[in-house]
Peer 1: 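First the structure, which I've put down as structure tokens, then a few questions once you've had a look.
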Amino acid sequence: MKRRFKDIVAFASGRLFLIFVNALALLIFCGLLLKAAPILQTVSLTDLLFSSVWHPMKHQFGLFPFIVSTLAVTLLAMLMAIPVCLFASIYLAEYASRRFREVSRLIIDILAGIPSVIYGLCGILVIVPFVAVVGEYLGVSTTGYSLLAGGLVLAVMVIPFIIAISVEVLRMIPGPFRESALALGATKWETVKYVVLKKAAKGLVAAVVLGFARAFGETMAVLMVVGNVAQAPSSIFDPAYPLPALIANNYGEVMSIPLYDAALMSAALILMTVVALFSLTAHYALSRLGDHND
Amino acid sequence: MNRRKLEENFFKFLMALSLGLVFLALAGIILIVLIKGLSSLSWSMIFETPKGGYYLGGEGGIANAIVGSLYLVAGATVLALIISLPVALALQKEYLGKRFADITRLVLDILWGTPSIVYGAFGFVVMVWLGLRASLLGGIIVLTLLMIPIMTRAMDEAVRLVPYELKEMAYAMGTTRFETTLAVVLRQAFPGVCTGVILAVGRGIGDAASILFTAGYTDEIPRSLFDPVASLPLAVFFQSGTPVPEVQARAFTAALILLVIVLVINIVARLLGWRFSKNIVR
Amino acid sequence: MSRIEINELCVSFGRNPVLKNISLSIPDRQIICIIGPSGCGKTTLLKSLNRLLDLNEDVSITGDVRVDGQSIYQSRLDVTALRKKVGFLPQRPYPLPMSIYDNVAFGPRIHGLDGLNALSGGKAGSPAAGAKTSRKDKDRLVEHYLTLAGLWDEVKDRLSEPAAKLSIGQQQRLALARVLSIEPEVILADEATSALDPISARLVENQFRLLKKDYTIILVTHILRQARRLGDYIVFLYMGDLVEHKPAAEFFGDPSDEKTKAYVNGDIS
């Protein structure tokens, strides 16, 4: 009887914690929503999302420059990261020996675990001066703190993340599929090109989408190198001001200005929603990867 | 024939190049932090708090950040463990229908992907609501939230790897679910659980955005849960932006210490995984 | 003259020996059945003949296999050319992720075959690379090989559908068409009927009988009756050893080894 009782207590407390974790996601979302809602009483949703005027003192909260900055820096990073990730993961999954793959896996995991402030620091020390030099060479006036610097740092950050997932995706494809092409006398690359990549396409896209979501919300590293000027950038050498940086830079002093915190909360809400939608799609695609019937 | 070989070699070259770039990035980061950090590393840097303000003064070190980070992560790890382990165990199919379990895993994955700045903003809202200032307690709470999904998912994977046959043997002897969980599942999944904890610690100690407004920053070592607290990632962030060389040196040292901690944590986690997996029934 | 000579071949996975000192010369243009209990190394022997074993990481191979007098384990060998000459039919079909049509056209395309040899009735010839194959020629090629594999009538109206939509029996015959399309001289078949229903299995077997006048077919099977039905020459493996090999009639009529007798009588399996 005592044993039964213990089992039931354990079951109940497990359930409790489980409900807490599920509620947490809802709580965060609703908390942000609640705090962001007041802004819509003064500013219309279209103004909030598409107006370029950002004057918190005058109650003008146009998030457009920040949204554009976020998108630009993320897309730039993905543009640079995707080819590197694709080729590196093909090598690791298809060509490398098991030993090399395991060692590389370790290195990539380490790279993925490095805190973002360290990426940011290295960005300030290396990438920002590098961008400044390149800008000078091209005859563009830039301090180096720019969209390009942010994109480069962000690319280096998401590359290990995307590679780790892509390699798993590629390794999940059963060996006999490769055999059927190889047995026809296809070279390894032909096998990759015609069979493996086709089979893995969905999973690889999911990996990229997850990488995109990760990059979209990355704060510190980008904040440190991107320049933080509140205007939509017109070239990659211009400074930009992504949403996460906006929140991080201003949240400390919002209390004095009415609605300022609501504006920043709506920025956080946008971040969370976009990232959640992207991860949802990616996880859905990845969870269905097991069946290879199409 | 020749064209096919050529194509193969061309793409192999691209692959080697890509992988080389990745390794180069890691080597570059480690090298930069080592060179910059070692040159300013000293006993006073590690054991003294900054004199005359962390942002301006010259003398002193980053003891406030080192101790602060340890406090924050220790507190958050204990809290996160208390919540994560029961959740990971409750996700077993004996306890939970597949539907609910799948939804929970999805929720956890979303939480995992949620940007840490969002945790920071949410944490701040909660603290305002509770009437808390930026403090050790606030930082611990936010870091706990950040670590829960990482820990739970890693543990869940470990628990799911326990072969059902093994549990069946225990059940066949008349044990309850709880007894089986304690005697078989936890033991079998132990290395995975440890890896999960370590990985979460690695993420937690390096995260800056979440504790930016919840933990604050100070020159002192906190004396109570309600004092603001310094941390290594924020030490890097705040002190790297100044023109004062001594202050910059502190940022570099903080980065070095942070990097070493994270590297050790990651390597230990992998080694643990490899080592323990040998003693486990497959 | 035999095309394939196996000389003191030893294969092991890690520290696990799978094939022990196999020496065998394989006769031409017949169906050779490799039989033996499961785990005796049949599939490994088969995959050692076109170097598909290379895909395993911890495999170590000593000894020699010669195809047309050329050692296939020398490092400078062009593996793709070897695999073109020695085709392989897997246990389960695993269609390439493309249409039915492209599954068959894939081999000729990568090897630059125009298939004129095949269409003019000649047996496998030298790959005639160069001249671009017209769409019409390619259509004829696909039809030709699908007919050879006994699948044409069933799929001629749905050539552009994904191959994965076919039934598994159809997929296996598609795999056969795929193998034939690269104009091989030897076909290796790894329990090619074991995943099929009896009717599809019979269809595939019949194709083998038709094909053996032009090809050497090496068939791994664990079904003794299939070996009796199809085999011209039997190779019996037991726990990695080559126990006995001789023409089918002799093998079943007058087995010399005790193990062979026991296996043929069904005392061991």
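Numbers restart at 1 for each chain; the letters A, B, ... are given by sequence-line order, proteins then strands.
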Peer 1: What part of B:Ile148 gets within 4.5 angstrom of chain A, counting heavy atoms only: side chain, backbone, both, or neither?
Peer 2: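 The answer is the side chain of B:Ile148.
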Peer 1: Side chain, backbone, both or neither: which part of B:Leu263 has an atom under 4.5 Å from a heavy atom of chain A?
Peer 2: side chain
Peer 1: For the residue pair B:Leu234 and A:Met220, establish whether any side-chain heavy-atom pair is separated by less than 4.5 Å.
Peer 2: yes
Peer 1: What part of A:Val126 lies closer than 4.5 angstrom to a heavy atom of chain B: side chain, backbone, both or neither?
Peer 2: side chain
Peer 1: If you count heavy-atom pairs under 4.5 Å between each of A:Ala25, A:Ser13, A:Pro160 and chain B, which one has the most?
Peer 2: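 Between A:Ala25, A:Ser13, A:Pro160, the count favours A:Ala25.
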Peer 1: I need the minimum non-hydrogen distance between A:Trp189 and B:Glu7, along with the two atoms involved.
Peer 2: NE1-OE2, 2.9 Å
Peer 1: Under a 4.5 Å heavy-atom cut-off, does chain A meet the side chain of B:Leu96, its backbone, both or neither?
Peer 2: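 Contact with chain A: backbone and side chain both.
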Peer 1: Quick one: of A:Ile163, A:Ile159, A:Ile114, who has the most non-hydrogen atom pairs under 4.5 Å with chain B?
Peer 2: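 Most heavy-atom pairs within the cutoff with chain B belong to A:Ile114.
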Peer 1: Of all the heavy-atom pairs spanning A:Ile247 and B:Phe213, show the shortest one and how long it is.
Peer 2: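 Closest heavy-atom pair between A:Ile247 and B:Phe213: O-CE2, 3.8 Å.
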Peer 1: Is B:Trp129 close to chain A through its backbone or its side chain, or both, or neither, when contacts mean heavy atoms under 4.5 Å?
Peer 2: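 It is neither, since no heavy atom gets under 4.5 Å.
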Peer 1: Starting at CG of A:Leu24, measure out to CZ of B:Phe122 and round the result to the nearest 0.5 Å.
Peer 2: 6.5 Å
Peer 1: With rounding to the nearest 0.5 Å, note down the distance linking NZ in A:Lys193 to CZ in B:Phe11.
Peer 2: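 Taking NZ in A:Lys193 and CZ in B:Phe11, the distance rounds to 6.5 Å.
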Peer 1: Contact between A:Leu121 and B:Phe252 at the side-chain level, heavy atoms closer than 4.5 Å - yes or no?
Peer 2: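 The answer is yes, as the side chains (C-beta and beyond) meet within the 4.5 Å cut-off.
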Peer 1: At a heavy-atom separation under 4.5 Å, does B:Ile117 approach chain A through its side chain, its backbone, both, or neither?
Peer 2: both
Peer 1: Is it the backbone or the side chain of A:Phe20 that comes under 4.5 Å from a heavy atom of chain B, or both, or neither?
Peer 2: side chain
Peer 1: Between A:Ile124 and chain B, which part of the residue has a heavy atom less than 4.5 Å away: side chain, backbone, both or neither?
Peer 2: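 Contact with chain B involves the side chain of A:Ile124 alone.
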Peer 1: May I ask you to name which of B:Ile29, B:Ile265, B:Thr114 has the most heavy-atom pairs under 4.5 Å with chain A?
Peer 2: B:Ile29
Peer 1: Counting only heavy atoms closer than 4.5 Å, note whether B:Leu17 contacts chain A via side chain, backbone, both or neither.
Peer 2: neither
Peer 1: For chain A, which of B:Asn266, B:Leu108, B:Leu26, B:Val107 has the most heavy-atom pairs under 4.5 Å?
Peer 2: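 Top option by heavy-atom pairs under 4.5 Å: B:Leu26.
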Peer 1: With a 4.5 Å cut-off on side-chain heavy atoms, are A:Ile28 and B:Tyr119 touching?
Peer 2: yes
Peer 1: If a pair satisfies side chain to side chain donor-acceptor pair (under 3.5 Å) and one of its residues is in residues 16-34 of chain A, list it, with sequence neighbours excluded.
Peer 2: A:Asn22-B:Thr104
Peer 1: Around atom CZ of A:Phe100, are there more than 12 heavy atoms of other residues, nucleotides or ligands at under 6.0 Å?
Peer 2: yes
Peer 1: At a 4.5 Å cut-off on heavy atoms, which part of A:Met272 comes close to chain B: side chain, backbone, both, or neither?
Peer 2: both
Peer 1: Mind checking the CZ-OG1 spacing from B:Arg4 to A:Thr187? Nearest 0.5 Å is all I need.
Peer 2: 5.5 Å
Peer 1: May I ask you to name which of A:Leu86, A:Leu18, A:Val156 has the most heavy-atom pairs under 4.5 Å with chain B?
Peer 2: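 Ranked by heavy-atom pairs under 4.5 Å with chain B, first place is A:Leu18.
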Peer 1: Name the region of B:Val22, side chain, backbone, both or neither, that has any atom closer than 4.5 Å to a heavy atom of chain A.
Peer 2: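 Both backbone and side chain.
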Peer 1: Need one label for A:Tyr95: side chain, backbone, both or neither, based on atoms under 4.5 Å from any heavy atom in chain B.
Peer 2: side chain
Peer 1: Which of the residues B:Pro149, B:Gly28, B:Pro233, B:Ala25 is involved in the greatest number of heavy-atom pairs with chain A at under 4.5 angstrom?
Peer 2: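 Going by pairs under 4.5 Å, I would pick B:Pro233.
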Peer 1: Heavy-atom distances under 4.5 Å only: say whether B:Leu259 touches chain A with side chain, backbone, both or neither.
Peer 2: both
Peer 1: Mind checking ring pair (Phe, Tyr, Trp, His ring centres under 6.0 Å) for A:Tyr119 and listing every partner two or more places apart, or none if nothing turns up?
Peer 2: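 For A:Tyr119, no residue satisfies ring pair (Phe, Tyr, Trp, His ring centres under 6.0 Å) once neighbours in sequence are set aside.
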Peer 1: Heavy-atom distance under 4.5 Å to chain A: side chain of B:Tyr95, backbone, both or neither?
Peer 2: both
Peer 1: Is B:Arg203 close to chain A through its backbone or its side chain, or both, or neither, when contacts mean heavy atoms under 4.5 Å?
Peer 2: side chain
Peer 1: I'd like to check B:Thr176 versus A:Lys6 (side-chain heavy atoms, cut-off strictly below 4.5 Å). Are they in contact?
Peer 2: no
Peer 1: Just so I understand: if I count every heavy-atom pair under 4.5 Å between each of A:Ile118, A:Leu26, A:Val275 and chain B, which residue has the most?
Peer 2: A:Ile118
Peer 1: For the CG atom of A:Leu280 and the CG atom of B:Leu106, what is their distance to the nearest 0.5 Å?
Peer 2: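 Taking CG in A:Leu280 and CG in B:Leu106, the distance rounds to 5.0 Å.
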Peer 1: Mind ranking B:Thr175, B:Asp207, B:Val236 by heavy-atom pairs under 4.5 Å with chain A and telling me who comes out on top?
Peer 2: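 Option with the top pair count is B:Val236.
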Peer 1: Could you check which of A:Ala88, A:Gly14, A:Gly31 has the highest count of heavy-atom pairs closer than 4.5 Å to chain B?
Peer 2: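 The candidate making the most pairs under 4.5 Å is A:Ala88.
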Peer 1: Sort B:Leu14 into side chain, backbone, both or neither according to what part of it lies under 4.5 angstrom from a heavy atom of chain A.
Peer 2: both
Peer 1: Check each atom of B:Leu111 against the heavy atoms of chain A and say whether the ones under 4.5 Å are side chain, backbone, both or neither.
Peer 2: side chain
Peer 1: Is chain B contacted by the side chain of A:Leu92, its backbone, both, or neither, given a heavy-atom distance below 4.5 Å?
Peer 2: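 For A:Leu92, side-chain heavy atoms alone lie under 4.5 Å from chain B.
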Peer 1: Check A:Ser104 against B:Phe23 and note the closest heavy-atom contact, atom names and distance.
Peer 2: OG-CZ, 3.6 Å
Peer 1: Specify which of B:Asp109, B:Leu89, B:Ile110 makes the most heavy-atom pairs with chain A at under 4.5 Å.
Peer 2: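 Among B:Asp109, B:Leu89, B:Ile110, the one with the most close pairs to chain A is B:Asp109.
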Peer 1: Determine the minimum heavy-atom distance between A:Pro83 and B:Ser18, stating which atoms define it.
Peer 2: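 Closest approach of A:Pro83 to B:Ser18: O-OG, 4.3 Å.
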Peer 1: Which pair of heavy atoms, one from A:Met265 and one from B:Ala121, lies closest together, and at what distance?
Peer 2: CE-O, 3.5 Å
Peer 1: Given the options A:Ile90, A:Leu271, A:Leu125, which has more heavy-atom pairs under 4.5 Å with chain B than any of the others?
Peer 2: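 Highest number of pairs under 4.5 Å: A:Leu125.
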Peer 1: Check A:Leu223 against B:Phe237 and note the closest heavy-atom contact, atom names and distance.
Peer 2: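 Nearest heavy atoms, A:Leu223 then B:Phe237: CD2-CZ, 3.5 Å.
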Peer 1: With a 4.5 Å cut-off on heavy-atom pairs, point out which of B:Ala254, B:Ala208, B:Ser84 contacts chain A the most.
Peer 2: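 Answer, by heavy-atom pair count under 4.5 Å with chain A: B:Ala208.
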Peer 1: Counting only heavy atoms closer than 4.5 Å, note whether B:Glu94 contacts chain A via side chain, backbone, both or neither.
Peer 2: neither
